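Here is the structure we will look at, set down as structure tokens.
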2 protein chains.
Amino acid sequence: MARTQGSHSDITGPRIRAAALKLFAQHGYAAVSMRQIASEVGVQAGALYNYTPDKQSLLFSLMEGHMTELLQAWQDLRDPDQTVSAGSAEDHVLARLEAFTRFHIRFHLERPDAVFIAYMELRNLSEDNFTAIESLRREYENALETILKDGVRLGVFHIPDTKIATLAVIAMLNGVMTWYRSGGRLSLDEVEAIYWDMVQKSVRA
Amino acid sequence: MARTQGSHSDITGPRIRAAALKLFAQHGYAAVSMRQIASEVGVQAGALYNYTPDKQSLLFSLMEGHMTELLQAWQDLRDPDQTVSAGSAEDHVLARLEAFTRFHIRFHLERPDAVFIAYMELRNLSEDNFTAIESLRREYENALETILKDGVRLGVFHIPDTKIATLAVIAMLNGVMTWYRSGGRLSLDEVEAIYWDMVQKSVRA
DNA sequence: GTCTATAGGACGATAGAC
DNA sequence: GTCTATCGTCCTATAGAC
């Protein structure tokens, strides 16, 4: 813990990010001071400014990192799959929706703090930073909306408005964050199955 | 605006609550100062303490008021309805779910600021205050869960876990707050209909 | 019931020694 | 790269005049 003097290149940068992530999620960006973050890492407040120009940049960097990871992880999951699969087009669009549902739940439950911040601290971003994050979020929503639109075209789904359905499905899935605790009475796979049942039925024709 | 001197009993109390509600929703509890609230009302910061013992109590009072109103409004809607309705028990449980869905959307869209605060500022409540609000929230969730359980018993709904389904439905409905703006391309009634379609299908047998 | 004034402390960020 | 020290500002809450 508490350093005394001199250079300890170390891995202070990542530890600052980890501490900020945890504290921002717990108490909120505005309620957390740079001194608190420094204390969690075991350095003095001034030292933080070797790693971030200011508090706002630290928040933005955490949120941007999270959204980029999310998009990349979904890409990675989809890519090997581009090779045409067996089965009907109808089955395929259902499989894509199931893959998205399970991916979303698993990815988000693995990083509750980052998810919390990405949704709760939007209003504490500067205007430019907000625009950037919103654009990444929209990109992710489009991934789901594309699936829903394909399903509607094939007659597999009945959806009055695909944009609203997209947001409704994501909102429902995000709800899992408010109650799920690993080690609870339900396994991750059971949780995924329950939500997949509801999601699938909610958009079915 | 800015008063100069003397007594103006007025309706300062409600105006303080309204200003705090708006500012807390906009910037977050921790980011809003008593000075900002006072300035919005047109008084000096010290005057606020004639109406609240401290900032924390002001937040709690706003959240408690909102939750109490919510529960009361749902009670009021249900009470006249206790008189047995015509139709089968199966139809009746569906009608109750539809009533809840439409009520929830309408009530929440009418007070976006209060809803926002009730969900986002839980972590800024003191321990005791948090417990009190959580208890009110659970009471509201139980209203929905009762309907779902009745539907399962009648074979109208197929729900692996009524507690999870309760939270999933509420999460989905709350999602409407993130995008709906009155005067947009969809009327309130159309929005209710779209969500009712999805909710109903998601729990159907 | 509101004002002015202020106590007492925490804040973000910077400067300069090591 | 981290420390100590500090600047200038803002904060919650209180005291006392009117």
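Lettering follows sequence order; numbering is per chain, from 1. Keep in mind it's a predicted model, so treat the numbers as computed, not measured.
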### Query
Is any side-chain nitrogen or oxygen of Ser33(A) closer than 4.0 Å to OP1 or OP2 of dC11(C)?
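Result: yes.
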### Query
Can you check whether Thr12(B) has a side-chain N or O nearer than 4.0 Å to OP1 or OP2 of dT2(C)?
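For dT2(C), OP1/OP2 do have a side-chain N/O of Thr12(B) under 4.0 Å.
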Length of the [atom1]-[atom2] vector between [X] and [N], whole Å:
{"X": "Gln56(A)", "N": "dC11(C)", "atom1": "CD", "atom2": "C1'", "result": "16 Å"}
{"X": "Met34(A)", "N": "dT14(C)", "atom1": "CE", "atom2": "P", "result": "10 Å"}
{"X": "Arg35(A)", "N": "dA13(C)", "atom1": "CZ", "atom2": "C1'", "result": "9 Å"}
{"X": "Leu48(B)", "N": "dC11(D)", "atom1": "CG", "atom2": "P", "result": "13 Å"}
{"X": "Tyr51(B)", "N": "dA13(D)", "atom1": "OH", "atom2": "P", "result": "18 Å"}
{"X": "Lys55(A)", "N": "dA10(C)", "atom1": "NZ", "atom2": "P", "result": "15 Å"}
{"X": "Gln44(A)", "N": "dT14(C)", "atom1": "CD", "atom2": "C1'", "result": "15 Å"}
{"X": "Ile11(A)", "N": "dG1(D)", "atom1": "CD1", "atom2": "P", "result": "14 Å"}

### Query
Is the Phe103(B) ring parallel, tilted or perpendicular to the Trp74(B) ring (thresholds 30°, 60°)?
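Tilted.
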### Message
Can you tell me how the ring of His108(A) sits relative to the ring of His66(A), calling it parallel under 30°, perpendicular over 60° and tilted otherwise?
### Response
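His108(A) and His66(A): perpendicular rings.
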### Query
What are the residues of residues 121-132 of chain B, sorted by number, that bring a heavy atom to within less than 4.0 Å of DNA chain C?
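When residues 121-132 of chain B is checked for heavy atoms under 4.0 Å from DNA chain C, there are no hits whatsoever.
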Donor-acceptor pairs under 3.5 Å, side chain of residues 164-173 of chain B to any protein atom, not counting sequence neighbours: which ones?
unit_1: Thr166(B); atom_1: OG1; unit_2: Thr162(B); atom_2: O; d: 2.6

### Query
Which residues pass the side-chain hydrogen bond (donor to acceptor under 3.5 Å, both in side chains) test with Asn142(A), sequence neighbours left out?
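Scan of Asn142(A) (side-chain hydrogen bond (donor to acceptor under 3.5 Å, both in side chains), adjacent residues dropped) gives none.
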### Task
List in chain and number order the residues that pass side-chain hydrogen bond (donor to acceptor under 3.5 Å, both in side chains) with Tyr140(A), two or more places apart in sequence or in another chain; answer none if no residue qualifies.
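For Tyr140(A), the residues satisfying side-chain hydrogen bond (donor to acceptor under 3.5 Å, both in side chains) (neighbours in sequence not counted) are His104(A).
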### Message
Heavy-atom nearest nucleotide on DNA chain C for Ala31(A) versus Gly46(A): which residue maps closer to 5'?
### Response
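Upstream on the strand: Ala31(A).
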### Message
If you assign each of Ala45(B) and Ala45(A) to its closest nucleotide in DNA chain C, which residue comes earlier from the 5' end?
### Response
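With Ala45(B) and Ala45(A) compared, the 5'-side residue is Ala45(B).
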Of the candidate nucleotides [options], which contains the atom at the shortest distance from the side chain of [X]?
{"X": "Tyr49(B)", "options": "dA13(D), dC11(D), dT2(C)", "result": "dA13(D)"}
{"X": "Asn50(A)", "options": "dG1(D), dG12(C), dG1(C)", "result": "dG1(D)"}
{"X": "Ala47(A)", "options": "dT2(D), dT2(C), dA13(D)", "result": "dT2(D)"}

### Query
So which pairs with a foot in residues 58-77 of chain B pass salt bridge (charged side-chain N to carboxylate O under 4.0 Å, His left out), sequence neighbours left out?
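Output for this query lists Glu69(B)-Arg111(B).
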### Pairs where residues 116-131 of chain B contributes a residue and the test salt bridge (charged side-chain N to carboxylate O under 4.0 Å, His left out) is met, not counting sequence neighbours
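Residue pairs with at least one partner in residues 116-131 of chain B: Glu121(A)-Arg123(B), Arg123(A)-Glu121(B).
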